[in-house]
Amino acid sequence: MSHNLRSGLWDTSPLYQNAVLDLDMAGKKMGLDSNVLERLRMPKKAMCVSIPVRMDDGSVKTFEGYRVQHSTTLGPGKGGIRFHPEVNLSEVSALAMLMTMKCSLVGLPLGGAKGGIRVDPAQLSRAEHQALTRRFTMEIISMIGPEQDIPAPDIGTDAQHMAWMMDTYSMAKGHAVPGVVTGKPVEIGGSLGRPESTGRGVVYVIEHAIELLNKKGHKYVLKNMTAAVNGFGKVGAVAALELFNRGCKVVAVSDFFGGLYDKNGLNVPEVIEYMNQNRTLKGYEKAQVITNEDLFALPIDILIPAAIDGVITNANMKNVKAKIISEGANGPITSEAQTYLEQNGCYIIPDILANAGGVIVSYFEWVQGLQQFFWNENEVNAKLAEIMLNAFNRVAANAERYNCGMKSAALITSVERLSKAMLLRGLFP
Ligand code: NAD
């Protein structure tokens, strides 16, 4: 008697379905061992927890939390903790898979993991944030550790959350364990350059793409180009500033509440200052108000989706006019939209390459913490730039070799390394 071996537990979200679709496509192109592909389609381990929190008004609210390890073949699990109202097991599993691919692609000795709590972070006070983070850390403590699985910030969390996680873990162990998280404040073992690393990397690869496209006959000059950035958080705001500092005209930026547009270019440092003071772009008066959908449809050269997954789909892909897209967010473009855009000449630098700067400097932070020897910011940035360039070149070479877009090429490059490691280690028992 045959029966379906899958319960459908992991693959309920579009993000997971897309990730598997992309993986299958890349696997087919490279002739990947079917046993390896089968293993990579599913995460290694997941933990679902409920997290009771005493709220400021005295009531107790219970939140859902997850930690998922997709693969630990190359090293400890690595991946952020997301606080967002849409978080679920399938989405976290997909993001863990992307982390595996990202770490393998850029050559780190790390696996892939992700965590999250289904909560609207904007509704919580600082005390509630702290209680939620500490209790979550305690609930998943058997899964994390410097040699096991190392969380970092993601949407809705920052260096302060990492400090609370590090402190909670250290309290339980009886001594300070800085290596349990990355993205910590510098005062407790964080790395210089970590907060800016993802946004910087997103822009480094745009520069590499321009150089490559110019060799193929284009005549792009970054300071004559226009850009728009969707999502103005830790990744988007830095990417916008890096573009602005290079003379590129950033005509639009947006956050959860909507966007701002100025055809002559926004004063990005001023917008960041407004954002830092008000925690939103809403209310900024020196630019025209637009929607996120308006932003995607602008006649610009460069688009950076740096908010959340699934923002460019078959519903709006035909509106997108950008010539280069650097994926700051994880999974912002669905497989269908990606194929359409690439067929129409858009050069897409995929998430696992474009936003790898964060995990690269997280790796530097982990190494610095283990050695208790800290580097200056120039050293961090130089090493980051070198790894990003190397990864970009390897992906571009595979795009030529397999005659495919950068997304498939990035996955192929990643899986080439990972599958060798999997086959060498063999299957237990
Ligand atoms: P963040 O919380 O600092 O910022 C998120 C931004 O997106 C905010 O401006 C928020 O208002 C906006 N946003 C949220 N939902 C939106 C929506 N539906 N429409 C428009 N805007 C929306 O998060 P972040 O750390 O900047 O992460 C952004 C993306 O980058 C995520 O996909 C994350 O997984 C990815 N990423 C982050 C890092 C990192 O180092 N922080 C590294 C790699 C990838």
Side-chain angles (χ1 to χ4, degrees), residues 15 78-87 91-92 94-99 101-103 105-106 112-116 119-122 129 151-162 181-184 190-191 193-202 205 228-241 252-260 271-272 274-276 278-282 284 290-296 304-313 316 326-333 350-363 365 384 388:
L15 189 64
K78 186 84 197 81
I81 303 281
R82 177 173 292 195
F83 284 9
H84 192 272
E86 306 296 326
V87 162
E91 186 192 83
V92 175
L95 292 166
M97 189 189 293
L98 291 181
M99 286 306 298
M101 299 306 157
K102 198 180 299 182
C103 292
L105 172 63
V106 294
K114 200 82 181 188
V119 61
D120 181 355
H129 265 277
D154 191 71
I155 297 178
T157 58
D158 59 20
Q160 178 61 73
H161 295 84
M162 294 306 112
V181 288
T182 59
K184 299 178 291 292
S191 177
R194 172 61 184 92
E196 301 84 5
S197 55
T198 310
R200 273 187 188 138
V202 166
V205 290
V229 182
N230 155 252
F232 206 65
K234 296 185 291 298
V235 180
V238 174
L241 185 63
V253 297
S254 67
D255 68 5
F256 187 76
F257 302 98
L260 303 173
V271 177
I272 291 178
Y274 182 88
M275 168 79 195
N276 289 342
N278 298 279
R279 294 174 73 187
T280 172
L281 298 170
K282 207 173 162 184
Y284 182 80
I290 57 169
T291 65
N292 275 287
E293 282 310 317
D294 294 337
L295 180 144
F296 293 126
I304 301 180
I308 194 139
D309 56 272
V311 291
I312 301 174
T313 65
N316 62 357
S326 187
E327 292 187 328
N330 288 310
I333 308 178
D351 48 9
I352 61 169
L353 173 60
N355 71 28
V359 77
I360 293 169
V361 179
S362 271
Y363 164 65
E365 179 177 333
L384 167 66
M388 295 290 296

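Just so you know, ligand 1 is whichever comes first in the structure, and atom 1 is the first atom listed for that ligand. Note that the structure is predicted; figures quoted are calculated from it, not measured.
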Visitor: Does ligand 1 have a heavy atom under 4.0 Å from the side chain of Asp158, from its backbone, from both, or from neither?
Guide: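 The answer is neither; Asp158 stays 4.0 Å or more away.
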
Visitor: What are the two closest heavy atoms between Val253 and Ala240, and how far apart are they?
Guide: CG1-CB, 4.4 Å

Visitor: Does an N or O from Asn330, backbone or side chain, lie closer than 3.5 Å to an N or O of ligand 1?
Guide: yes

Visitor: Calculate, to the nearest 0.5 Å, the distance between atoms CZ and CD1 belonging to Phe232 and Ile272 respectively.
Guide: 4.5 Å

Visitor: Looking at atom 18 (N) of ligand 1, what's its closest protein heavy atom, distance included?
Guide: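 Among all protein heavy atoms, the one nearest atom 18 (N) of ligand 1 is Ile308 CG2, 3.8 Å.
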
Visitor: Evaluate the side-chain contact (heavy atoms from CB on, under 4.5 Å) criterion for residues Val311 and Asn292: first the C-alpha distance (whole Å), next the side-chain angles of each, then the deciding distance (0.1 Å), finally the verdict.
Guide: CA-CA 9 Å; Val311 291; Asn292 275 287; over 6 Å; no

Visitor: Over 60° means perpendicular and under 30° means parallel, so tell me whether Phe83 and His129 are parallel, tilted or perpendicular.
Guide: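 The rings of Phe83 and His129 lie parallel, inter-plane angle below 30°.
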
Visitor: Please say whether Ser254 places an N or O atom under 3.5 Å from an N or O atom belonging to ligand 1.
Guide: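 N/O-N/O distance under 3.5 Å: no.
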
Visitor: What verdict does the side-chain contact (heavy atoms from CB on, under 4.5 Å) test give for Asn355 and Glu327, after you've listed the backbone C-alpha separation in whole Å, the side-chain angles of each residue and the deciding distance to 0.1 Å?
Guide: CA-CA 7 Å; Asn355 71 28; Glu327 292 187 328; 5.7 Å; no

Visitor: Of the protein's non-hydrogen atoms, which lies at the shortest distance from atom 30 (O) of ligand 1, and what is that distance?
Guide: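 Ranked first by proximity to atom 30 (O) of ligand 1 is Gly328 O, 3.4 Å.
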
Visitor: In terms of residue, atom name and distance, what is the protein heavy atom nearest to atom 4 (O) of ligand 1?
Guide: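 Of the protein heavy atoms, Gly233 CA, 3.2 Å lies nearest.
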
Visitor: Any atom of ligand 1 sitting under 4.0 Å from a heavy atom of Arg82?
Guide: yes

Visitor: Tell me which part of Arg194 gets within contact of ligand 1: side chain, backbone, both or neither, using heavy atoms under 4.0 Å.
Guide: side chain

Visitor: So, regarding Val235 and ligand 1 (criterion: nitrogen or oxygen to nitrogen or oxygen, under 3.5 Å), is there a contact or not?
Guide: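 N/O-N/O distance under 3.5 Å: yes.
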
Visitor: What's the shortest distance from atom 33 (C) of ligand 1 to any protein heavy atom, and which residue and atom give it?
Guide: Asp154 OD1, 3.2 Å

Visitor: Can you check whether Val359 reaches Cys103 side chain to side chain, under 4.5 Å on heavy atoms?
Guide: yes

Visitor: Does ligand 1 come near enough to Gly231 that some N or O of the ligand is less than 3.5 Å from an N or O of the residue?
Guide: no

Visitor: Could you tell me whether the side chain of Glu365 and the main chain of Gly183 form a donor-acceptor pair under 3.5 Å?
Guide: yes

Visitor: Side chain to side chain contact (heavy atoms under 4.5 Å, CB included) with Lys102: which of Asp351, Ile360, Ile352?
Guide: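 Single pass found, and it is Ile352.
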
Visitor: Is there a donor in the side chain of Ser362 and an acceptor in the side chain of Arg194, or the other way round, less than 3.5 Å apart?
Guide: yes

Visitor: Assess whether side-chain contact (heavy atoms from CB on, under 4.5 Å) is satisfied between Thr182 and Lys78, documenting all intermediate values.
Guide: CA-CA 9 Å; Thr182 59; Lys78 186 84 197 81; 2.8 Å; yes

Visitor: Just distances here: any N/O of Gly236 and N/O of ligand 1 closer than 3.5 Å?
Guide: no

Visitor: Side chain to side chain contact (heavy atoms under 4.5 Å, CB included) with Val235: which of Val229, Val202, Ile155?
Guide: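 Option passing the side chain to side chain contact (heavy atoms under 4.5 Å, CB included) with Val235: Val202.
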
Visitor: Rounded to the nearest 0.5 Å, how far apart are NZ of Lys114 and CE of Met97?
Guide: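 Going from NZ on Lys114 over to CE on Met97, the span is 13.5 Å.
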
Visitor: Using distance alone, determine whether Phe232 and ligand 1 share an N or O pair under 3.5 Å.
Guide: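 In this structure, Phe232 places an N or O atom under 3.5 Å from an N or O of ligand 1.
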
Visitor: Looking only at N/O atoms, are Asn230 and ligand 1 under 3.5 Å apart anywhere?
Guide: no

Visitor: To check your reading of the model: name the closest protein heavy atom to atom 10 (C) of ligand 1, its residue, and the distance in Å.
Guide: Phe256 N, 3.9 Å

Visitor: Quick check on contacts: which atoms of ligand 1 are under 4.0 angstrom from a heavy atom of Ala307?
Guide: 7 (O), 13 (N), 21 (N), 22 (C), 28 (C), 29 (C), 31 (C), 32 (O)

Visitor: Hey, is ligand 1 close enough to Thr198 that some N/O pair sits below 3.5 Å?
Guide: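 Yes: some nitrogen or oxygen of Thr198 is under 3.5 Å from one in ligand 1.
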
Visitor: Take Ile308 and His84 through the test side-chain contact (heavy atoms from CB on, under 4.5 Å) and record every step on the way to the result.
Guide: CA-CA 10 Å; Ile308 194 139; His84 192 272; 3.3 Å; yes

Visitor: For Lys102 and ligand 1, does the shortest N/O to N/O distance drop below 3.5 Å?
Guide: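 N/O-N/O distance below 3.5 Å does not exist for this pair.
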
Visitor: Would you tell me whether Thr291 and Asp294 have side-chain atoms, one donor and one acceptor, within less than 3.5 Å of each other?
Guide: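 Yes, a side-chain donor-acceptor pair sits under 3.5 Å.
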
Visitor: What protein heavy atom is closest to atom 1 (P) of ligand 1, reported as residue, atom name and distance in Å?
Guide: Lys234 NZ, 3.6 Å

Visitor: What atoms of ligand 1 come within less than 4.0 Å of a heavy atom belonging to Ala329?
Guide: 29 (C), 30 (O), 32 (O), 35 (C)

Visitor: Just to confirm my output: which protein heavy-atom neighbour is closest to atom 23 (O) of ligand 1, and how far is it?
Guide: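 The closest heavy atom on the protein side is Ile155 CA, 3.5 Å.
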
Visitor: Measure the distance from atom 19 (N) of ligand 1 to every protein heavy atom, then report the residue, atom name and distance (to 0.1 Å) of the closest one.
Guide: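 For this ligand atom, the closest protein heavy atom is Asn292 ND2, 3.9 Å.
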
Visitor: With heavy atoms only and a cut-off of under 4.0 Å, state how Pro332 meets ligand 1: side chain, backbone, both or neither.
Guide: neither

